[in-house]
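Here the structure is laid out as structure tokens; the discussion comes afterwards.
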2 protein chains.
Amino acid sequence: MAKILVVDDEPAILSLIHNALSTDQHLVTTISNPAEVHSTDLGAYNLILLDVMMPGVDGFTLCREIRTAVDCPILFLTAKTLESDLMYGLGLGADDYITKPFGIGALRARIQAHLRREGRERRNMLYLDPVRLNLSGKELYIRENKVPLTKSEYEICEFLARHRGQVFSKDHIYEGVFGMDGDSDSSAITEHIKNIRAKLARHGLEAIETIWGIGYKWKL
Amino acid sequence: MAKILVVDDEPAILSLIHNALSTDQHLVTTISNPAEVHSTDLGAYNLILLDVMMPGVDGFTLCREIRTAVDCPILFLTAKTLESDLMYGLGLGADDYITKPFGIGALRARIQAHLRREGRERRNMLYLDPVRLNLSGKELYIRENKVPLTKSEYEICEFLARHRGQVFSKDHIYEGVFGMDGDSDSSAITEHIKNIRAKLARHGLEAIETIWGIGYKWKL
DNA sequence: TGTCATCCTTACAGAATCCTTAGAATCTGC
DNA sequence: GCAGATTCTAAGGATTCTGTAAGGATGACA
């Protein structure tokens, strides 16, 4: 059971989808006027279906706006069958691109697949090639060797690893890991980074990169 | 960059896919004999492409087996276009169902979308043909070669690239990048521009144009 | 209460980066 | 061409940031 938002200007399609998804026990909200999307609490939905060609508003633009606000799956539902449109749409951050006319069974199957994926992601393991994070057990392994980390050290690793490739300042890391204010001297982060590095280095691993003047990032 | 496994019995398709995905900097492993899958370390891959109709083995069955072992996205690649096949395939735990013949661009876009959802790919990218800016990672690539830039250099590049084609005076750039007043001698910008140009020139690229008496602009 | 592990702070040295300066080279308009 | 203005180049010092080490603070636990 999931909360699904459907945006399309054709009432016939809306009701068709509404019926189909309701039989799958989903809570479906339909919007026929794209302008209403901005006054909607997007964060409340688990999945969003979006038409591309609607009067007044471009679905692609709408997708870009929605994507900045939420992380849930966004599925395009469109009559534009060109490969270039698909590439453009998916490039905007959408997760699927379904062309009309579509089989209602196919739509349901695709939606189920996306929702299933969302559930799978929340499982408690994070593989970053030689490194494995046991999120529920708060443990870090390198090739089956458990690396003893203190709580703070582990939390910093998890934070960086979850956002691998992204750079964070020390203040940002402090805030992301321990929450709230950075009045505490964030140079404590420097110290933790040093210790983490020393422990990972024993296994010949160099996972944290320092971006001079900006911060650190997980580079695996 | 992700590790991708492709299973298909047709060598022509394998090489086609291998080439396409390699240009996206993925590490591609191809298997033409489905029986080999069982002796493969599936956990090493970030995404799996699977043909359905292969001699000896049924792709659907294979998918079910793979899904019990790993959580990564599994994409079917098949000539079976029936809606019932799609529903069956996705019901087995696959994440996408792409029917042959498929556009190679569409395949790449779908793969990128799946990897993005997995968090394997950065979200914020800026493509300016030979140049790629990883906004969250603060990196600049030229045709997949990372160009080492200092913080200021990168920020200036990002500023100019974001407003490509637009001319900015040195003061304007200083203000746009470092914020606030330009009391600091903006001739520092000249210096940075010089250094950036030198680094880009090593890759045979000339991206910043100087508009005499006015300023600079990103011309890609 | 004493010990231990962890976390935070401080201080300093070394490194990377940034900025300034001054002179050479280049461009523009006449 | 020439003069004036603008940009480019190069080098050095100033500044900022990071890495490291040591010691104190805190809290858990016996």
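Just so it is clear, the structure is predicted and the values come from calculations on it, not from any experiment. Throughout, protein chains are lettered first and strands after them, A, B, ... in sequence-line order, and every chain is numbered starting at 1.
- As a whole-Å value, the separation of A/Asn195 CG from D/dA22 P is 13 Å.
- Rounding to whole angstrom units, NZ of residue B/Lys194 and P of C/dA24 are separated by 16 Å.
- Between A/Ile196 atom CD1 and C/dC8 atom C1' the separation is 15 Å, expressed in whole Å.
- Contact check, A/His192 against C/dC8: a side-chain N or O comes under 4.0 Å of OP1 or OP2.
- B/Ile189 has its CD1 atom 16 Å from the P atom of D/dT9, to the nearest Å.
- A donor-acceptor pair under 3.5 Å is absent between the side-chain atoms of B/Arg108 and the main chain of B/Ile111, judged by distance alone.
- For the pair B/Phe178 CZ and D/dT16 P, the computed distance is 13 Å after rounding to whole Å.
- Across C/dC19, D/dA21, D/dT7, the shortest atom-to-atom separation from the side chain of A/Glu191 is found for D/dA21.
- Listed pair A/Thr150 / C/dC7 meets the phosphate criterion, a side-chain N or O lying under 4.0 Å from OP1 or OP2.
- An OP1 or OP2 oxygen of D/dC8 is reached within less than 4.0 angstrom by no side-chain nitrogen or oxygen of B/Thr190.
- The distance between atom OH of A/Tyr216 and atom C1' of D/dG19, rounded to the nearest whole Å, is 8 Å.
- C/dT26 atom C1' lies 7 Å from atom CH2 of B/Trp212, rounded to whole Å.
- For A/Lys170, a side-chain nitrogen or oxygen approaches OP1 or OP2 of D/dT18 to under 4.0 Å.
- Separating the NZ atom of B/Lys151 from the P atom of C/dC19 is a distance of 9 Å, rounded to the nearest angstrom.
- The CG atom of B/Leu50 lies 11.0 Å from the OH atom of B/Tyr97; values are rounded to the nearest 0.5 Å.
- Looking at B/Glu155 and B/Lys151, no side-chain N of the basic residue comes within less than 4.0 Å of a carboxylate O on the acidic one, giving no salt bridge.
- Aromatic ring centres of B/Tyr216 and B/Phe168: separated by at least 6.0 Å.
- Listed pair A/Arg197 / D/dG19 meets the phosphate criterion, a side-chain N or O lying under 4.0 Å from OP1 or OP2.
- In terms of phosphate contacts, B/Thr210 brings no side-chain nitrogen or oxygen within less than 4.0 Å of OP1 or OP2 of D/dT7.
- B/Asp95 and B/His114 are not linked by any side-chain donor-acceptor pair at a separation below 3.5 angstrom, with hydrogens and angles left out of the test.
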